[in-house]
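Predicted, not measured: the structure shown is a model, and the values here were computed from it. Just so you know, ligand 1 is whichever comes first in the structure, and atom 1 is the first atom listed for that ligand. The chain is numbered in sequence order, starting from 1.
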Amino acid sequence: MTMDLDDRARAVLEELKRQRQEGVDAVYLEQETIDGLRTALGAMETKVSSAVVPEAKPEPKPAPKPEPKPAPIEPVASSSAPPVEVAEVKPKPIAKPVRKAEPAGPSVLPPPPEVNLPDGDPESRMSWLRDLVVACPTCNANLNPGAKVVFGVGNPAADVFFCGEAPGHDEEMKGEPFVGAAGQLLDKIISATGLTREGVYIGNVMNWRPQHDQAFGNRPPTEEEMNFCLPYLKAQLEVVQPKVIVALGRTAANALVQPDPSAKMGDVRGRWWEFEGVPLMVTYHPSYLLHNPSMLGKRRVWEDVLLVMERLEMPISDKQRGFFQ
Ligand code: URA
C-alpha cells in the first residue's frame with residue numbers, strides 16, 4: 001500500500017494524540033521525523049489554503065508562499081543521544097486538528113449488556129463469561145476483517161488484575177490481550193515482581209480493537225464504546241475478586257476511577273484509588289515505555305509496581321528495590 005505524505009503525517013499525529021491520551025508527556029523524535037512532519041504540515045497547510053482561495057485572478061506578483069509551520073512536538077532528545085531524564089516535558093499542542101477518527105463500524109451501539117454471572121467457582125464462571133463475550137454480536141460486528149473478540153487471560157482467581165485499554169493489531173489477530181510489543185514488556189514487568197503471566201489476570205477495557213481508517217496505529221475508544229464493554233470488564237473483576245487492580249494508562253484509569261479529566265497522568269499515577277472497594281493503582285501503559293526510552297518512565301512504573309507488591313505483602317529483595325536506582 002502506498003501512502004501520501006498527508007496520510008503519513010496524519011497517522012503520526014493520530015499516534016501522538018493517542019499517546020498523549022495514554023499519559024505520554026514527552027516523546028523522542030528523530031530529527032528526520034521532525035523534518036518530515038514539518039514538511040508534511042507545510043504541504044497540508046498549502047493544500048488547505050489553496051482549496052479555499054477562489055480562482056486566482058492574474059496578479060502582478062505571485063502570492064508569497066505560506067511559511068511552513070514549526071513542527072508541533074518538541075524533541076526531548078534524539079534516540080541516538082544517551083537517555084536523558086526528563087521531568088514532565090509538556091508537548092506543545094498539536095497545531096491544527098487533524099481528521100477526527102470515527103469508528104468505521106456501527107456508529108450507534110446498543111445499550112451496554114447486562115451480565116448476570118452464574119454461581120460457581122472462578123474457573124467455571126470465567127469460562128461462562130468468556131463464551132458470552134466471544135459470542136457478543138456487537139463485539140463481533142465491530143471487528144476488523146479477520147480479527148477476533150479479545151477476552152482476558154490468566155488466573156481467574158488472581159491477586160492482581162492488570163487492565164489495559166484495547167487490543168491492538170497483534171491482539172485482535174490472536175484473540176488474546178497483550179501479546180504484541182507492549183505485552184512482551186508487560187510480561188517482563190510481571191516477571192520482575194516474581195509473578196507470572198499465568199498467575200495474574202490480564203484484561204482490557206475494550207473487547208475489540210477500535211476501527212479506524214488510518215494505515216497504522218490505534219484509535220482510543222470512544223466513551224460509547226467503553227461504556228458498552230464496561231459490564232464485561234466489571235464481570236471479569238467480579239469473578240477474579242483481585243486484591244489489587246493495576247490500571248495501565250489513562251483509558252483504563254478513566255474507565256475505572258474517573259480521575260479529574262484535567263489532571264495529568266503524572267498526578268494520577270503512583271497513588272491508590274479504589275474500584276468498588278478494591279485498591280487500584282494507576283501507572284503508565286507499557287506502550288508509554290516503548291515510546292519513551294528514558295529511564296525515568298521505567299523507574300516510575302517500577303515505583304508503582306513496588307507499591308503494588310507492598311500492598312500484596314510480597315517479599316521484595318534489595319535487588320528489586322534497587323532496580324532503576
Ligand atoms: N494495549 C492494550 O491496552 N491492550 C492490549 O491488549 C494490547 C495493547
query: Below 4.0 angstrom, N of the basic side chain to O of the carboxylate: do Glu313 and Lys243 qualify?
result: no

field: Where ligand 1 meets Gly164 - atom numbers and elements under 4.0 angstrom, heavy-atom basis
entry: 3 (O)

query: Step by step, would you call Glu303 with Arg269 a salt bridge (charged side-chain N to carboxylate O under 4.0 Å, His left out)?
result: CA-CA 10 Å; Glu303 282 165 8; Arg269 63 150 280 269; 3.2 Å; yes

query: Under the 3.5 angstrom rule, does the side chain of Glu171 hit a backbone N or O of Ala166 as a donor-acceptor pair?
result: no

query: Atoms of ligand 1 less than 4.0 Å from Pro177 heavy atoms?
result: 6 (O)

message: Measuring from non-hydrogen atoms of Glu176 to any atom of ligand 1, is the shortest distance under 4.0 Å?
response: no

task: Kindly state whether the ring of Phe178 and the ring of His285 have centres lying under 6.0 angstrom apart.
output: yes

query: When you look at Arg219 and Glu225, which way does the salt bridge (charged side-chain N to carboxylate O under 4.0 Å, His left out) test go after all the steps?
result: CA-CA 12 Å; Arg219 171 175 69 75; Glu225 288 170 326; 2.9 Å; yes

query: What about Asn204: any of its N or O atoms under 3.5 Å from an N or O on ligand 1?
result: yes

message: Can you confirm, on distance only, whether ligand 1 has an N/O atom lying under 3.5 Å from any N/O atom belonging to Ala166?
response: yes

- line: Closest to atom 1 (N) of ligand 1 (heavy atoms only, candidates Glu165, Lys174, Glu171, His285) is His285

Phe178 N/O to ligand 1 N/O under 3.5 Å: yes

- prompt: Does Asn292 use its side chain to pair, donor to acceptor, with the backbone of Ser294 at less than 3.5 Å?
  reply: no

